[in-house]
Each structure stands twice: as structure tokens, then as C-alpha cells.
Student: 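Below: one structure in C-alpha cells.
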Number of protein chains: 2
Amino acid sequence: MARPSLQAERQQSIMAAFTRCISKLGLEAASLDEIAKEAGMQRSLVRHFAGNREDLVNQVADYVASKFENIWRQQEHSHREDLTNEWLVDVLFSTKPEAVYRTMLPAFYALLSASHRYPTVSVRMTQCFELYVADLSLELQRRHSQASSDDCQQVALGVINIYFAWDSLRGLELNPTLIRNNQQLIKRLLSSLK
Amino acid sequence: MARPSLQAERQQSIMAAFTRCISKLGLEAASLDEIAKEAGMQRSLVRHFAGNREDLVNQVADYVASKFENIWRQQEHSHREDLTNEWLVDVLFSTKPEAVYRTMLPAFYALLSASHRYPTVSVRMTQCFELYVADLSLELQRRHSQASSDDCQQVALGVINIYFAWDSLRGLELNPTLIRNNQQLIKRLLSSLK
DNA sequence: GTATAAGTTGTCACAAATGATAATTAATAA
DNA sequence: TTATTAATTATCATTTGTGACAACTTATAC
């Protein structure tokens, strides 16, 4: 018997805006004013719907981590039948929407390197990373049944690390050969399981 | 015929302090006041000797990059005769002073992800990264004369990416097995050149 | 239409970061 | 000792980020 709540939608768009700000400006420089401008609302509304700065940071960590997990699972699932060595390169480098590369990943990385200042963020990021490694590890095991589980974990870890590092270098204007070789590297790691 | 200049020493300790602040607080949260406190001087002195914030950021990028290049070259040189597969793991993970891991690397990474906002930083970081890859690539070529130069560049890139990613995950409380497997990974990549 | 709960706007005070500059102190050379 | 140059301290105004709260508006149920 009252006005309907916009809480959920507002929170989502605040998180999306915060994520974009983080990737543009870095975590510490992504102020409430910036977030509000990016989300097209007033700062008071950001505070009203998402709480104070610490709340926002914790929430955005969960937002980014969940987005990541969802995208990963969805892509893993849609490539289950592709048993060539290209599947992983496709999943990691080719079939994601641009927005993931341009905003989600940089934000993920910014949160990662800030996590020692935000315990809650640290827990969520750790959980996300370990889930990622464990999941890819299992998938590798499924595809390379003759390889040991330790080998699979090693390769999974390597692939994920390379993927993250590759992304954080996007800002630099690196020689295109380096970018190409980075993808070859994924295949090289996969072949080492044969 | 005047008071002797402390410019050089002061600049060095300001850079060292800035580096520590960046690794503790992140680039944007490392304020002039924080730097001054860390260096044990007043903010006015920081400004006097190192200029404004933008100057400081550009200088610290060069400081960190140069430190990196020096340490790398020095370690590469002292391991030239070690032709086992352990050499690279030693160089990357074992024989560096703690300070490098705790301050230089996190700062390096923070500068990397901020570089799209600081053109001068971007140039210096790119230069440092490409030098690093090219140098390691050459060293691999020397050790594995039968491998193609493309193979060597791939492995060099992989090793460096894994090394960087490994470091940025130091903040997380990861399962120790993951850490160990990360080092195994380096050896796995090296063996793929055999 | 009226009460109710929620969205929305505006404004205040406080603290922190930066840039700029004047005033003071200290170390050298002649 | 004095002139010179640089270090050092102190203080200013401006801007920006944040938290808090009061006032107003809007959409629903009854």
C-alpha cells in the first residue's frame, strides 16, 4: 500500500556505474560523485540505495565476482562439445562481449590489488579465483583423462594467470606480436597435457 | 659558494616513500601528505623537491621501472652459468629481497593499471615490459638453441605474465598448493622448449 | 481523496588534498 | 663576517569527497 520499491534496479545500475568508474579511474578515484554522474543520478541517491563508501566497495566486489562466475559458467557450458585445443582461447579471448574486457576485467583487477585494504573484498575475490581455478581444472581433467590432477591444476592456474596478466597489459601499446603469442601460449600449455 | 644541494638524495627518498605508499594504499590514495609522512619530511618539501602530483607520478614510474630493469639484469647475470631448469624459478621467486616483492611489484602493478590515465607512465611501462620480454627471450634462446625465436618469445611472455599475476594475487589468502603449482608451472613452460 | 511508504532533491558542515607563496634558517665560499 | 644559495617551516585559499538530514514529490492501496 505504498509506492513500489526501485531498490533492486537502482542498486544494479549503481554497481554497473561503479564498475565502469573503477575501470576508468581506479578504485580510489572513483568517488561517489563520479559514480552518481555515471549512473545519471544524484549522489544522495547513491548513498540512499547503496549505503556509504565501504558498503559500495564490498557490494561491487560481489557484483563483479558474480558477473565473472556467471559468464565463465555460461561460456564453459556452451563450449563443452568443442574438444579441439581452440576451445579455451575462444572462451577466454574471443566470445566475450567487449564490455567485459573494457570494464569488468579492469575492475576485477583493481579490486584484487586493493583487497588487502578491504577484508570482505579479499574473501570474495579469493573465493572467485579459487572457484575459477578449480572449475577450469575439472574441465581440463574431463578433457585430458590421462593427465594427473596436479598437472591439470597447474595448467588451469597458468591459463588464468596469463589471462589476467594479458588483460592488465591492455592499457599499454604493446607490439601486436606479443598479443598473438599470448594466445599461442594458451595452446602450448594445453598441449603440455597431452 | 652556497649551501650544498640535497636534491638528488631527497628525490630518491621521496620516490622510495611514494613506492611504499602506492603498494600500501594504491596510487590514487597515496597522497602528498602520506608520502611526506612516509619519507619523514613535510609536504612542502615533497613539493619543493619533486614537483606537483603529476610530476611525482611520472617520476615514480621511471624509478620503479629502472629499479626493475637493474634487478633483472643483475640477477640474470649472476645466474648465467646455472643451466638447470631451476635458474628461472630462482631468479624470479627465490633470490630477490623481500622489499622487492612487498613494495616494488605491487607499485609496478598499480602503475600498470593506471597507465591509461598517465601517457608518460604508459610509455615507460611499455618500454620496461618489452625490454623484459625481449631480454628473457634472448636468454632463453641462448639456453635452448634448438628452439625457434617465436617459441622463446612465447615462453618468455608466459613466464613474465605468470610472475606478475602471481604477485598481484599475493594479497589473497590462496591455498598454498596454488602457490607451489605456480612455480612448477614455470618449469613446465621451460620444458616445453626442449 | 487521503494515508502511506518510498523516491527525490537540496543543503549543510567537516575533513582532506592540492597548489602557491612568504618567511625563516642553515651551510658554504670568498 | 658576509653574501649567496638552498633547505626548511608556516600558512593561505581553493577544491573535492563524504556523511547527515530536512524538505519535498510521487505512486500505490484503501
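Proteins come first, then strands; the chains are lettered A, B, ... in the order of their sequence lines, and each starts at number 1. Reckoned from all heavy atoms, side chains included, excluding hydrogens, waters and symmetry mates.
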Student: Do any side-chain nitrogens or oxygens of B/H48 fall under 4.0 Å of OP1 or OP2 in D/dT8?
Tutor: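 For D/dT8, neither OP1 nor OP2 has a side-chain N or O of B/H48 closer than 4.0 Å.
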
Student: Whole Å only: how far is the CG atom of B/L45 from the C1' atom of D/dA10?
Tutor: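 Rounded to whole Å, this separation is 12 Å.
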
Student: Out of curiosity, does B/M41 fall in the hydrophobic cluster containing B/L6 (side-chain heavy atoms, cut-off under 4.5 Å, transitive links)?
Tutor: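 No; B/M41 is not reachable from B/L6 via cluster members.
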
Student: Which residue pairs pass the ring-ring contact (aromatic ring centres under 6.0 Å, His included) test when at least one of the two sits in residues 115-148 of chain B, sequence neighbours left out?
Tutor: B/W72-B/Y132

Student: Within the structure, does a side-chain N or O atom of A/S44 lie under 4.0 Å from either OP1 or OP2 of C/dG10?
Tutor: no

Student: Once each nucleotide of nucleotides 12-19 of chain D is scored for protein heavy atoms under 4.0 Å, what B/S/- sequence comes out, 5' to 3'?
Tutor: -----SBB

Student: Can you tell me if B/R3 touches the phosphate of C/dA29, counting only side-chain N or O atoms and a distance under 4.0 Å to OP1 or OP2?
Tutor: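 No.
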
Student: C/dA17 C1' sits how many Å from B/I35 CD1, rounded?
Tutor: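 Nearest whole value for this atom pair: 11 Å.
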
Student: Tell me the interatomic distance from B/F49, atom CZ, to D/dT5, atom P, rounded to whole angstroms.
Tutor: 17 Å

Student: Under the ring pair (Phe, Tyr, Trp, His ring centres under 6.0 Å) rule, collect the residues that match up with A/Y163, sequence neighbours excluded.
Tutor: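 Once residues adjacent in sequence are excluded, the partners of A/Y163 under the ring pair (Phe, Tyr, Trp, His ring centres under 6.0 Å) criterion are A/F93.
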
Student: A/K67: what forms a salt bridge (Lys or Arg N to Asp or Glu O under 4.0 Å) with it, not counting sequence neighbours?
Tutor: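 Partners of A/K67 under the salt bridge (Lys or Arg N to Asp or Glu O under 4.0 Å) test: none.
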
Student: How close or far is atom P of C/dA17 from atom CZ of B/F18, stated in whole angstroms?
Tutor: 13 Å

Student: Tell me: CG of A/L6 to P of C/dT8, nearest whole Å?
Tutor: 6 Å

Student: Report the distance from atom CE of B/M41 to atom C1' of D/dA6, rounded to the nearest whole Å.
Tutor: 15 Å

Student: Between atom CD in B/Q11 and atom P in D/dA6, what is the gap in whole Å?
Tutor: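 Distance check: B/Q11 CD to D/dA6 P gives 14 Å.
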
Student: Should the heavy atoms of other residues, nucleotides or ligands under 6.0 Å from CD of A/Q7 be counted, would the total exceed 12?
Tutor: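 Counting other residues, nucleotides and ligands, CD of A/Q7 exceeds 12 neighbours.
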
Student: Give a yes/no answer on whether the side chain of A/S5 brings an N or O atom under 4.0 Å of OP1 or OP2 in C/dG7.
Tutor: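 Yes, A/S5 has a side-chain N/O under 4.0 Å of OP1/OP2 on C/dG7.
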
Student: What residues, two or more places apart in sequence or in another chain, satisfy ring pair (Phe, Tyr, Trp, His ring centres under 6.0 Å) together with B/Y109?
Tutor: A/Y109, B/F164

Student: Does anything in residues 12-49 of chain B pair up under ring-ring contact (aromatic ring centres under 6.0 Å, His included), and if so which pairs, sequence neighbours excluded?
Tutor: none

Student: So, is A/Q42 near the phosphate of C/dG10, with a side-chain N or O under 4.0 Å from OP1 or OP2?
Tutor: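 Result: yes.
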
